Structures are given as structure tokens and as C-alpha cells.
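Just below is one structure, and these are the notes that go with it.
All chains are named by letter (A, B, ...) in the order of the sequence lines, taking the proteins before the strands, and each is independently numbered beginning at 1. Here the structure is a predicted model, which means the values were calculated and not measured.
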2 protein chains.
Amino acid sequence: MSVEGSQLAEVLRAHGLRVTAQRQLVLDAVRDLGHATAERVHEAICGKVTGVNITTVYRTLDLLESLGLIAHTHLSHGAPVYHLAGNRGHVHLVCHRCGAVDEIDPEVFDGLRRSLEQQRGFLLDVGHVALFGICASCEKANL
Amino acid sequence: MSVEGSQLAEVLRAHGLRVTAQRQLVLDAVRDLGHATAERVHEAICGKVTGVNITTVYRTLDLLESLGLIAHTHLSHGAPVYHLAGNRGHVHLVCHRCGAVDEIDPEVFDGLRRSLEQQRGFLLDVGHVALFGICASCEKANL
DNA sequence: GTGATTGCAAAACATTTGCATTCCA
DNA sequence: TGGAATGCAAATGTTTTGCAATCAC
């Protein structure tokens, strides 16, 4: 927390922006939750401190994303989900049945990326990809 | 139009549901538009006839989907996009820049599907997949 | 002190619901 | 005719915006 906190402060100052408690709280919540919607981030913050408005959460998520600190993906029902951007993009596996979100290494996409690029000239952005299906545990439970 | 129209009538009657002009209009619009949100379907219908309510469009899209005639995918900004379900699932390529939606054959996923299944036990549902990136024409325009 | 940031309330937007009316069967 | 389907209006839920108050610098 302290480490990420100070990183945030550096980035903010480097852009001439101000370091506020709200911004640290939002970044912390995104990190702690792993994958979370704006509303879940807000809930998490309300569990710690009081008086942080949902409006600020929306604004801060946008800000942190434009700073490259976090990124969002569209998983199932349309609610954008935020996660730390730090490490190179990861791919989301969403289970249709239980809603679990798993992450996989983007290198499984290398073959696909290459063929899309050659056949279509389409440059795949792995960070925004979400794949739907049935996860292993739901599959077992169903048998 | 007449062919799909009569198919629709058959399916509706087979389920004890009523054949209405609105249902045919919505199905026609989805087919004609290729990929469209509820709102775009509504606009398209309003261009032909007057007095079809957006509420009915939402209800009818749900109905047609539960009948297996259409399907929806979540492309970018959270608005569900509907398309004909008929032929086996296709995969959507969405351009981040211009918003164009292209379709590709699911077989490009075969390699990926196999490794996900072996490594993770994850059963990929190709129909709901949306891939983001930059399409060929935007890429060219940018250079 | 000054201007960026926040909180609040209200607006905007998309979708759903209740209920009276319409119309297919 | 009877009940499903529709239209309308209002409710709901989420995200955005305007503006005054606050707080980091």
C-alpha cells in the first residue's frame, strides 16, 4: 500500500496533479479487489472511511486510467471492470455460470494475433479481451 | 424478408405465442442492421413505420433471444448488440477507434480453445467473444 | 491565496415495470 | 371474447454534469 501509494503520488506530481486521499483510496481498492466495477470500488472505500462520493470514484477511475495506472475491460453485463494496469496486459476468462473471472497470460493469444494481423490487418489489443465460457469447477459440478 | 418472416411465424406459433407486426419488424431490423443495439433497432423501425415503442423493442429482443432466433454480445461501451443467431457462432472484431464491427470464422479460435481446455479446463464459448483492437483501415489512416 | 478537487443535487441516459388499451387467435 | 402483446408513463439504476465548498499546493 505504501509502495503503490508513493508511486501514485509520483505519477500525480509528475503530471501536475494533486495527491489526495481519495485518489489513493480508489487505487488501493482497485488493487485489493482485483477486478471491480465503480460501484464495488465505492463500497470497498465506504467500508474503510466515510464521505467519499460515488461521483469522485467515477472521476478518479477515469483519471487513473488516463494516467495508465489502471485499465478497464468489459466483462459480461456491460459494467466496466477496472484492474491494475502495471504488468503487461492479461486476458480475462469469465465463467458464464458462476461469474468467476480468471486471468491468463496473453501469450496464448500469439497464434491468433498473428493470423488476425496477416489475414485482416487487425491489430489485436489483448488487454481489452474478455473470453466467455464455462470454468473447470462449474463444468465438474455439472456432471 | 418473407422467408425469415414466415420462419418467425412458425417459431412463434410453435411456442404458442402470437405473430405480431412488431415482432417481425424487430427481427427484420436485426437482420438488416447486422449488429445493432436496442436503440438502433428502434430507430430503424421508426424509419419504416410509426408508433412502435422502445419498450416493445426491448421486450421483443429478449423474446427473440429466448427463442434462439437472435443472440447478443457485449461489445465496447456496455450496450448489448444483437445479431441473427442462425448460423453457428461467429466472433466479433471491434475497432477501438472507429467502432466498426467485423465478423470472423470461429475456426481461428481452434488452437486457443484447445489450449484453454487442456491447461485450464475452460470451455470456451466462441459466440460471446468480442475482440478489440485497431482495424486495418484505421491503422492505415493513422500512418 | 489560488485553482484543482470534491461533494451534492440534479440531469442525462438506458432499461424495466405497472397498468390500461389494443388486437391476435 | 379472452388473454397475450403493446403503448404509455413512471420507476429504476447507472453514469455524467454544474456549481459551490473544500483542500492541496
Side-chain angles (χ1 to χ4, degrees), chain A residues 5-6 8-30 36-46 48-67 69-70 72-82, chain B residues 5-6 8-30 35-46 48-67 69-70 72-82 99:
Chain A
S6 54
L8 170 61
E10 280 175 32
V11 175
L12 288 173
R13 289 204 194 90
H15 287 260
L17 298 166
R18 294 181 179 174
V19 181
T20 66
Q22 287 89 336
R23 285 169 179 175
Q24 292 178 5
L25 285 164
V26 169
L27 184 59
D28 287 348
V30 169
T37 61
E39 191 167 4
R40 280 193 51 63
V41 168
H42 185 227
E43 282 172 19
I45 293 176
C46 287
K48 292 184 184 177
V49 300
T50 131
V52 175
N53 197 279
I54 182 86
T55 304
T56 302
V57 172
Y58 279 109
R59 282 194 281 229
T60 304
L61 286 171
D62 277 353
L63 179 76
L64 295 179
E65 184 165 34
S66 70
L67 291 174
L69 294 172
I70 63 177
H72 79 271
T73 316
H74 295 281
L75 304 185
S76 44
H77 28 278
V81 174
Y82 290 85
Chain B
S6 53
L8 170 61
E10 280 175 31
V11 175
L12 288 172
R13 289 205 194 88
H15 287 259
L17 298 167
R18 293 182 180 173
V19 181
T20 67
Q22 287 89 334
R23 287 168 177 176
Q24 293 178 5
L25 284 164
V26 169
L27 184 59
D28 287 349
V30 170
H35 297 90
T37 61
E39 190 167 7
R40 278 194 53 63
V41 168
H42 184 228
E43 284 172 17
I45 292 175
C46 287
K48 290 184 183 176
V49 302
T50 132
V52 176
N53 197 281
I54 182 85
T55 304
T56 303
V57 173
Y58 279 109
R59 283 193 279 230
T60 305
L61 286 171
D62 277 352
L63 179 77
L64 296 179
E65 184 164 37
S66 70
L67 291 174
L69 294 172
I70 63 177
H72 79 272
T73 316
H74 294 280
L75 304 185
S76 44
H77 28 279
V81 173
Y82 290 84

Could you state the atom-to-atom distance from CG of A/Leu17 to C1' of D/dC25 in whole Å? 12 Å

Is B/Leu17 close to B/Leu63 at the side-chain level, that is, under 4.5 Å between some pair of heavy atoms? yes

Send over the distance from B/Leu12 CG to C/dC24 P, rounded to a whole Å. 13 Å

Could you pick out which residue, B/Asp62 or A/Arg18, lies toward the 5' side of DNA chain C when each is mapped onto its nearest nucleotide? A/Arg18

Taking all non-hydrogen atoms of both residues, which atom of B/Ile70 and which atom of B/Tyr82 are closest, and how far apart? CD1-CD2, 3.6 Å

Distances under 3.5 Å between nitrogen or oxygen atoms of protein and nucleotides 6-14 of chain C:
| from | atom 1 | to | atom 2 | distance (Å) |
| --- | --- | --- | --- | --- |
| C/dT6 | OP1 | A/Thr20 | OG1 | 2.9 |
| C/dT6 | O3' | A/Gln22 | NE2 | 2.9 |
| C/dG7 | OP1 | A/Gln22 | NE2 | 3.3 |
| C/dG7 | OP1 | A/Gly51 | O | 2.7 |
| C/dG7 | OP2 | A/Asn53 | N | 3.2 |
| C/dG7 | OP2 | A/Thr56 | OG1 | 2.5 |
| C/dG7 | N7 | A/Arg59 | NH2 | 2.8 |
| C/dG7 | O6 | A/Arg59 | NH2 | 3.2 |
| C/dA14 | OP1 | B/Glu39 | OE1 | 2.9 |

Whole-Å distance separating the CG atom of B/Leu63 from the P atom of C/dC24: 16 Å

Within this structure, what is the CG-to-C1' distance between B/Leu8 and C/dC24, rounded to whole angstrom? 14 Å

If the helix axis at each end comes from five base pairs, how far does the helix from C/dG1-D/dC25 to C/dA25-D/dT1 deviate from straight, to 10°? 30°

Side chain to side chain, A/Leu64 and A/Leu8, heavy atoms closer than 4.5 Å: yes

To the nearest 0.5 Å, atom NE2 of A/His15 lies from atom CZ of A/Arg13 at 13.0 Å

Measuring only between side-chain heavy atoms, which start at C-beta, is B/Arg23 closer than 4.5 Å to B/Leu12? yes

Tell me, do A/Val30 and A/Leu61 make a side-chain contact under 4.5 Å, heavy atoms counted? yes

Heavy-atom side-chain contact between B/Lys48 and B/Asp28 under 4.5 Å: yes

Hey, does B/Leu69 have a side-chain heavy atom less than 4.5 Å from the side chain of B/Glu65? no

Distance in angstrom units between A/His15 NE2 and D/dC25 P, rounded: 15 Å

